[in-house]
Trainee: 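Dropping a structure here in C-alpha cells format, bear with me for questions.
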Protein chains: 2
Amino acid sequence: MPESERRTEIMEAVERLLARGGVGAVTMRAVATEAGVSLRLVQYYGRTKDDLLSSTLDRLADRSIARWRARTAHQESGRSALDEVRAFLDEALPTDEESTGFHRVGVSLEALAITHPDTAGRAYRRHLDALADHLADTLRSGTSLDAAPLDATPLDAASARLLALEVMGLAHGLGTLLMAGRLDRQEAGAVTSDYLQRLRPRLSP
Amino acid sequence: MPESERRTEIMEAVERLLARGGVGAVTMRAVATEAGVSLRLVQYYGRTKDDLLSSTLDRLADRSIARWRARTAHQESGRSALDEVRAFLDEALPTDEESTGFHRVGVSLEALAITHPDTAGRAYRRHLDALADHLADTLRSGTSLDAAPLDATPLDAASARLLALEVMGLAHGLGTLLMAGRLDRQEAGAVTSDYLQRLRPRLSP
DNA sequence: CAAATTTTGATACATCCGTATCAGGAAAGG
DNA sequence: CCTTTCCTGATACGGATGTATCAAAATTTG
C-alpha cells in the first residue's frame, strides 16, 4: 500500500477514536489497534503523537469544508438565502449517528484548541473561517438570485458575514444542547422553525 | 481548617486547572500543588479522582445557576423580555478574563460529558436544565410585567422554553466563536444587536 | 531477479499516572 | 492534658504512555 494511503488510514483511525471516546482515547497503541497495524507503523508515519494529531485535525478541517461545499454545489440555483440557512441548520445539527460522531470530534477539537492554540487551535480557526466565508457567500448569492421582493434588502458583504456567524453560532449551540440530551430532535426543529420565521421578513418576502 | 472548607479549596483548585489547561491538566498531583496541599490530602477528600472530578462539576453546576439567579434577582422589575435576552447574552459571552476561564471550564465539562455520560454528563445536564428553566421563567415574567403592547403576544410556557433554548444555544455558539478568535468583541456585539432587533417585534413593541 | 520501499516483531526505557500504606506530626476542643 | 480531628511525609506498586532501537520480513517497483 502506498505511503499516502496508509497515512490516510491511520488518520481515519484517529478520527474514529476521537468520535468514540474523545481526546483521551487517542493513544499511539489504540490508534495502531484501530487501524489494524502495528504500533511501529504508527510511529513510522507522523513521527510524534502531536504531529499525528495536528495532521489529522488539519485534514479534518479541509474535509469538513469540502464536504459542505460539495453538498451545496450540486443544488439547483434559485434557492433563497432563507433556504440556505434552513439547509445549513438541518445539515449541521447532530441528528443521526454520523453527524453525532462528527459533532463529538468537533468538541474534542474545540477542547484541544484551548490547550494547544498553536496546532489544534490553528486547525479549528481555519475550519471556522472557511465555513463562515462559504456560508456568507451562499447567503449573498441566494438573495441575489431571488426574485427581488420589495421589502427584502439584498445582503451586503458585512451583513452576510454577521448573519453567517450568527447562524454558525446557533448551529453549534443547538448541536451541543442536542448532544447533551437537553433537546430532542423535535424541539430542535421547533426552535429552528421559529428562528427561520423571524428571519423571513429579512431575507425573503 | 474545617473539613468542608478544605474540600472547597481543593475543588477550586480543580476548577482553576480546568480553566487553564483542560481535563488533561487535572491530575491528583497537580491538584495538590495548585491547592498548596499534599498529595495525601487530595486523596483524603474525594477518595478517587472520578469522585473529586464529579463533585467539582456538581458544585460548578450549582454555582453557575446560583450566580445567574442572583445576578437577575436584584434587578428592578419592569424589564421586558427583550431586556432579559440582552442581559443574558451580555453576561454569557466570554469577554473578560473571568468569563473566558468559565467558558473554558464549560468546554472541558462538555467534552467530559461525552466520555462520561453518567457522571459529568449528569452535571452538565443539570446545569443546562436549571439554566433553561430559569431563563424561560425570566422571559415570561418579563413580558407579563411589560405595559402590554398591542402586537406583543405574551409568551406561553412552551414558547418561552423554546426561546430560552434558542438563546442559550446562540450564547454557547457565539461564545465558542469568540474563544476561537474567529469573532472579536465588537462583531459579537453587532451580531447580538441584529439578533435582538429581529426579536423585538415578538417581545416588545 | 534485484533493489528499494513498506511493514513488522520484540523489547526496552523513562516518565507520569492513580492508588495505597505505613507511621507520625499539628491543631483544636473537651 | 488528652483525645479526636485534621494533615503531612516518604515511599511504593502496577499500569499506561510516548518514544526509541535493533534486526528482519514482506511487498512493491524497476
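Proteins come first, then strands; the chains are lettered A, B, ... in the order of their sequence lines, and each starts at number 1.
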Trainee: Mind listing the closest non-hydrogen atom pair of B:Arg7 and B:Gly46 along with its distance?
Mentor: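 In terms of heavy atoms, the two residues are closest at NH1-N, 3.6 Å.
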Trainee: Any chance the side chains of A:Tyr195 and A:Glu166 put a donor and an acceptor closer than 3.5 Å?
Mentor: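 On atom types as modelled, these side chains qualify, holding a pair under 3.5 Å.
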Trainee: Given D:dT8, is OP1 or OP2 found less than 4.0 Å from the side-chain N or O atoms of B:Tyr44?
Mentor: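 The answer is no; no side-chain N or O of B:Tyr44 sits under 4.0 Å from OP1 or OP2.
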Trainee: Just how far, in rounded Å, is P of C:dT7 from CD1 of A:Ile10?
Mentor: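 In whole Å, C:dT7 P lies 8 Å from A:Ile10 CD1.
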Trainee: C:dG9, C:dA20, D:dT19: which one has an atom nearest the side-chain heavy atoms of B:Arg47?
Mentor: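 It is C:dA20.
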Trainee: Consider salt bridge (charged side-chain N to carboxylate O under 4.0 Å, His left out). Of A:Arg67, A:Arg16, A:Arg104, which one does A:Glu98 pass it with?
Mentor: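 Result: among A:Arg67, A:Arg16, A:Arg104, A:Arg67 is the only option passing the salt bridge (charged side-chain N to carboxylate O under 4.0 Å, His left out) with A:Glu98.
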Trainee: In whole Å, what separates the C1' atom of D:dC6 from that of D:dC2?
Mentor: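 To the nearest whole Å, 16 Å.
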Trainee: Below 4.0 angstrom from OP1 or OP2 of D:dA16, is there any side-chain N or O of A:Thr27?
Mentor: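 It does not, given that no N or O in the side chain of A:Thr27 lies less than 4.0 Å from OP1 or OP2 of D:dA16.
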Trainee: As a test of reading the structure: which of D:dC6, C:dT19, D:dC22 is closest to the side chain of B:Leu39, going by heavy atoms?
Mentor: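 So the nucleotide nearest the side chain must be C:dT19.
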Trainee: How many angstroms lie between CD in A:Gln43 and NZ in A:Lys49, if you round to the nearest 0.5 Å?
Mentor: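 Here the interatomic distance stands at 12.5 Å.
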Trainee: For A:Ser38 and C:dG9, is the shortest distance between a side-chain N/O and OP1 or OP2 below 4.0 Å?
Mentor: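 No, outside the criterion.
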Trainee: Rounded to whole angstroms, how far apart are CG on B:Leu53 and C1' on C:dG18?
Mentor: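 Spelled out: CG on B:Leu53 to C1' on C:dG18 is 13 Å.
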Trainee: Provide, to the nearest angstrom, the distance between the CG atom belonging to B:Asp51 and the P atom belonging to C:dA20.
Mentor: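 Interatomic distance, CG of B:Asp51 to P of C:dA20: 11 Å.
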Trainee: Should the ring pair B:His103 and B:His172 be called parallel, tilted or perpendicular, given that the plane angle runs from 0 to 90° and is split at 30 and 60?
Mentor: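 B:His103 vs B:His172 ring planes: tilted.
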Trainee: Starting from P on C:dC22, measure out to CZ on B:Arg40 and report it in whole angstrom.
Mentor: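 Taking atom P of C:dC22 as the reference, CZ of B:Arg40 is at 11 Å.
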Trainee: Please give, in whole Å, the distance from C:dT6 C1' to A:Glu5 CD?
Mentor: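 The answer, rounded to whole Å, is 13 Å.
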Trainee: Can you tell me how far C1' of C:dG9 sits from CG of A:Leu41, to the nearest Å?
Mentor: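 For the pair A:Leu41 CG and C:dG9 C1', the rounded distance is 13 Å.
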Trainee: In this structure, how many angstroms lie between the P atom of D:dA12 and the CZ atom of B:Arg29, rounded?
Mentor: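 Taking CZ of B:Arg29 and P of D:dA12, I get 14 Å after rounding.
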Trainee: For the residue pair B:Leu183 and B:Leu178, what are the closest heavy atoms and their distance?
Mentor: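 So the minimum-distance heavy-atom pair works out to O-CD2, 3.4 Å.
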Trainee: Over how many whole Å does the gap from B:Lys49 atom NZ to C:dT19 atom P extend?
Mentor: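 After rounding, the reported distance stands at 8 Å.
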Trainee: Which of these nucleotides, C:dC17, C:dT7, D:dT8, is closest to any side-chain atom of A:Arg6?
Mentor: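 Selected nucleotide (nearest to the side chain): C:dT7.
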Trainee: Measure from the side-chain heavy atoms of B:Gln43 and tell me the nearest of D:dG18, D:dT21, C:dT19.
Mentor: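 For B:Gln43, the side-chain atoms sit closest to C:dT19.
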Trainee: Nearest to the side chain of B:Tyr45 - D:dC22, D:dC7, C:dT21?
Mentor: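 From the listed options, D:dC7 comes nearest.
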Trainee: How does DNA chain D look in dot-bracket notation if pairs are Watson-Crick or G-U with both distances under 3.5 Å, crossing ones as [ ], other-strand ones as |?
Mentor: |.|||..||||||.||||||||||||||||
Trainee: Distance only, no hydrogens: is a donor on one side chain within 3.5 Å (strictly under) of an acceptor on the other, for A:Asp156 and A:Ser159?
Mentor: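 Their side chains do contain a donor-acceptor pair, which is all the 3.5 Å distance test asks for.
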